[in-house]
Amino acid sequence: MISAEDIIRHIRDLPSLPEVVVELLASIEQEDVDLHQLAAKITRDQSLTAKTLRLANSSFYGMQCKVTSITQAITVLGLHSIRTLVTACSLTRSFAPGPGNRFDFQGFWRHAVGAAVAAKALAPHLGQPADTAFTAALLHDIGTLVLVTRYPAQYEEVLAHRAQHDCQIGEAERAVFGLEHALVGSMLAAHWKFPAAIVRAVANHHALTEQDLTALPLTIHAANTLAHALDLSGREDDLVPPVAERVWRALALSDAAWMEVFRETEAGFEEMCQILVD
């Protein structure tokens with residue numbers, strides 16, 4: 001078993017997000033963002049710039065003209081989308097597997113990207129901002145990576161427990177650690193100063209309160225389930241988490257709406273993975 005204090009100590013030892021991402025997250029509540037200065041900061045990171053431009057030019061955003069600079073990307077896509085793109089690119093390179101770590105990092109990120117694409121498709125049907133939903137869903141399992149990289153031996157026990165008992169990963173984590181990745185992920189999201197709505201969505205994406213049924217956590221919960229149901233991670237042992245009746249009632253999507261969400265998710269998933277994961 002591990003304590004919250006021990007988790008916090010490990011989180012404080014993790015690399016910080018790039019300064020430009022911290023600034024982008026802080027700017028969510030601001031109206032007066034200097035876009036030229038922001039573009040200059042993003043451009044200093046060549047890898048981040050290259051990935052952001054690839055995303056901006058992907059079919060996911062359906063641009064009619066080729067975007068060739070960060071300044072142009074901000075102009076044509078808007079600050080909200082750029083915030084999402086830059087944050088996504090930074091998150092997917094924040095953790096690296098240690099020597100001998102057998103955890104399926106690629107499968108992890110494929111699932112995260114699948115949930116993010118599904119959340120972006122679901123959000124308009126549920127009255128949630130699509131870009132915020134994308135970021136929250138991409139982040140929803142990030143606590144798993146804290147556990148995997150900081151406690152690799154114990155996480156091997158988690159995977160063994162899950163295989164032996166054919167249970168959800170959260171149940172196996174509680175058996176070994178005494179807590180699960182959703183709590184750890186919310187602690188990391190708070191440490192990285194993500195907005196409170198995203199922190200809550202990460203914390204509650206497996207266990208929705210009544211308040212969550214009309215808020216962002218519902219979107220992330222549903223997107224996570226959808227990504228598992230579509231087997232987007234490619235893992236042979238992927239399990240679809242159960243969906244409670246009250247959640248289905250809260251979602252209240254028509255068959256036509258669900259089919260639209262399925263189509264959008266499957267259409268955008270592989271291209272997004274090629275940029276962010278592969």
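Residue numbers start at 1 and run along the sequence shown. All values below come from the heavy atoms of this structure, side chains included, with hydrogens, waters and symmetry mates left out.
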Consider only side-chain N and O atoms of D131 and H80, and report whether a donor and an acceptor are under 3.5 Å apart. no
Does any non-hydrogen side-chain atom of V243 lie less than 4.5 Å from one of W248? yes
Distance col, row R263:CZ vs W258:CH2, nearest 0.5 angstrom, shows 13.5 Å
So CD1 of I198 and CG of L139: to nearest 0.5 Å the spacing works out to 7.0 Å
Tightest non-hydrogen contact, residues R83 and L24, listed as NE-O, 2.9 Å
For atom CG of D255, is the number of surrounding heavy atoms from other residues, nucleotides or ligands below 6.0 Å larger than 12? no
- Flag, side chain of S81 to backbone of G78, donor-acceptor distance under 3.5 Å: no
Tightest non-hydrogen contact, residues V240 and A229, listed as CG2-CA, 3.7 Å
> Are any side-chain N or O atoms of E271 and backbone N or O atoms of S59, one a donor and one an acceptor, separated by less than 3.5 Å?
Replying inline: yes
Would you say T265 and L232 make side-chain contact, with heavy atoms under 4.5 Å? yes
Nearest heavy-atom contact between L188 and I142 is CD2-CG1, 3.8 Å
Between the NE2 atom in H221 and the CG atom in L226, the distance rounded to the nearest 0.5 Å is 11.5 Å
task: Identify whether the distance between the nearest side-chain nitrogen and carboxylate oxygen of K120 and E264 falls below 4.0 Å.
output: no
Do the side-chain N and O atoms of N224 and H205 include a donor-acceptor pair separated by under 3.5 angstrom?
-> no
Exercise for the section: Report yes or no: does D104 contribute a side-chain atom to a donor-acceptor pair with the main-chain N or O of G107 at less than 3.5 Å? Expected result: yes
Using the side-chain contact (heavy atoms from CB on, under 4.5 Å) rule, take L126 and L253 through it: C-alpha gap first, then chi angles, then the decisive distance, then the call. CA-CA 9 Å; L126 300 175; L253 266 67; 3.7 Å; yes
Separation between CH2 (W109) and CG (L138), nearest 0.5 Å, reads 5.5 Å
- Side-chain contact test, heavy atoms from C-beta onward, threshold under 4.5 Å: evaluate it for Q128 versus L122 and give yes or no. no
Shortest non-hydrogen pair, A133 vs T219, comes out as CB-CG2, 4.1 Å
Taking every heavy atom of R150 against every heavy atom of D13, the minimum-distance pair comes out as NH2-O, 4.4 Å
- prompt: Would you say I169 and L239 are hydrophobically clustered, going by side-chain heavy atoms of ILVMFWY under 4.5 Å?
  reply: no
Test item: D141 side-chain N/O and T144 main-chain N/O as donor-acceptor pair under 3.5 Å: no
Checking V76, L77, T75 against V67 for side-chain contact (heavy atoms from CB on, under 4.5 Å), the one that qualifies is V76
Fill in: Steps toward ring pair (Phe, Tyr, Trp, His ring centres under 6.0 Å) verdict (H10, H191)
CA-CA 11 Å; H10 278 293; H191 175 70; over 10 Å; no
Open item on the list: For E210 and R246: C-alpha separation, side-chain torsions, deciding distance, then whether salt bridge (Lys or Arg N to Asp or Glu O under 4.0 Å) applies.
Closed with: CA-CA 9 Å; E210 286 302 314; R246 67 193 182 103; 2.9 Å; yes
Audit row: D212, R200, salt bridge (Lys or Arg N to Asp or Glu O under 4.0 Å) steps and yes/no
CA-CA 9 Å; D212 294 330; R200 183 180 180 88; 2.7 Å; yes
Decide side-chain contact (heavy atoms from CB on, under 4.5 Å) for V158 and F103; before the verdict, give the C-alpha distance in whole Å, the side-chain angles of both, and the deciding distance to 0.1 Å. CA-CA 11 Å; V158 169; F103 182 75; over 6 Å; no
Quiz prompt | Proximity of H111 and H140 rings by center, below 6.0 Å | solution = yes
Within a radius of less than 6.0 Å around NE2 of H165, do more than 12 heavy atoms belonging to other residues, nucleotides or ligands occur?
yes
- With distance as the sole test, does N57 use its side chain to make a donor-acceptor pair with the main-chain N or O of L53 at under 3.5 Å? yes
When every non-hydrogen atom of A137 is compared with those of A115, the smallest separation belongs to CB-O, 3.4 Å
- Item | Close side-chain approach of L218 to T214, heavy-atom, < 4.5 Å | no
inquiry  = Could you go through R110 and E270, starting from their C-alpha distance and side-chain angles, then the distance that decides it, and tell me whether this counts as salt bridge (Lys or Arg N to Asp or Glu O under 4.0 Å)?
reply    = CA-CA 9 Å; R110 284 180 64 85; E270 285 297 345; 3.0 Å; yes
Quick check: do L251 and L213 have side-chain heavy atoms less than 4.5 Å from each other? no
To the nearest 0.5 Å, atom NE2 of H161 lies from atom CD of E173 at 10.5 Å
Here the gap from Q154 atom CD to L147 atom CG, rounded to the nearest 0.5 Å, amounts to 9.5 Å
Original post:
Taking the side chain as C-beta and beyond, is there a heavy-atom pair between T132 and L216 under 4.5 Å?
Top reply: yes
Can a salt bridge be assigned to the pair R162 and E157 using a cut-off of 4.0 Å between side-chain N and carboxylate O?
-> no
Requested in this report: Using only heavy-atom distances, determine whether the side chains of R9 and S3 contain a donor-acceptor pair under 3.5 Å.
Outcome: no
- request: Apply side-chain contact (heavy atoms from CB on, under 4.5 Å) to F105 and V277, showing your working.
  value: CA-CA 9 Å; F105 281 80; V277 181; over 6 Å; no
Taking side chain as C-beta onward, heavy atoms only, is E180 less than 4.5 Å from H206? yes
| query | Any side-chain donor paired with an acceptor under 3.5 Å for T68 and Q72? | reply | yes
*Kindly indicate, with the supporting measurements, whether the criterion side chain to side chain donor-acceptor pair (under 3.5 Å) is fulfilled by R54 and T49.*
CA-CA 9 Å; R54 281 186 69 193; T49 298; over 6 Å; no
field: Residues M272, L55; criterion side-chain contact (heavy atoms from CB on, under 4.5 Å); working and verdict
entry: CA-CA 7 Å; M272 191 64 74; L55 281 174; 3.0 Å; yes
R174 side-chain N/O to L179 backbone N/O, donor-acceptor pair under 3.5 Å: no
For the backbone of T84 and the side chain of T87, can you confirm whether one donor and one acceptor N or O come within less than 3.5 Å of each other?
no
Where does the angle between the aromatic ring planes of W192 and F194 fall among parallel (under 30°), tilted (30 to 60°) and perpendicular (over 60°)?
-> tilted
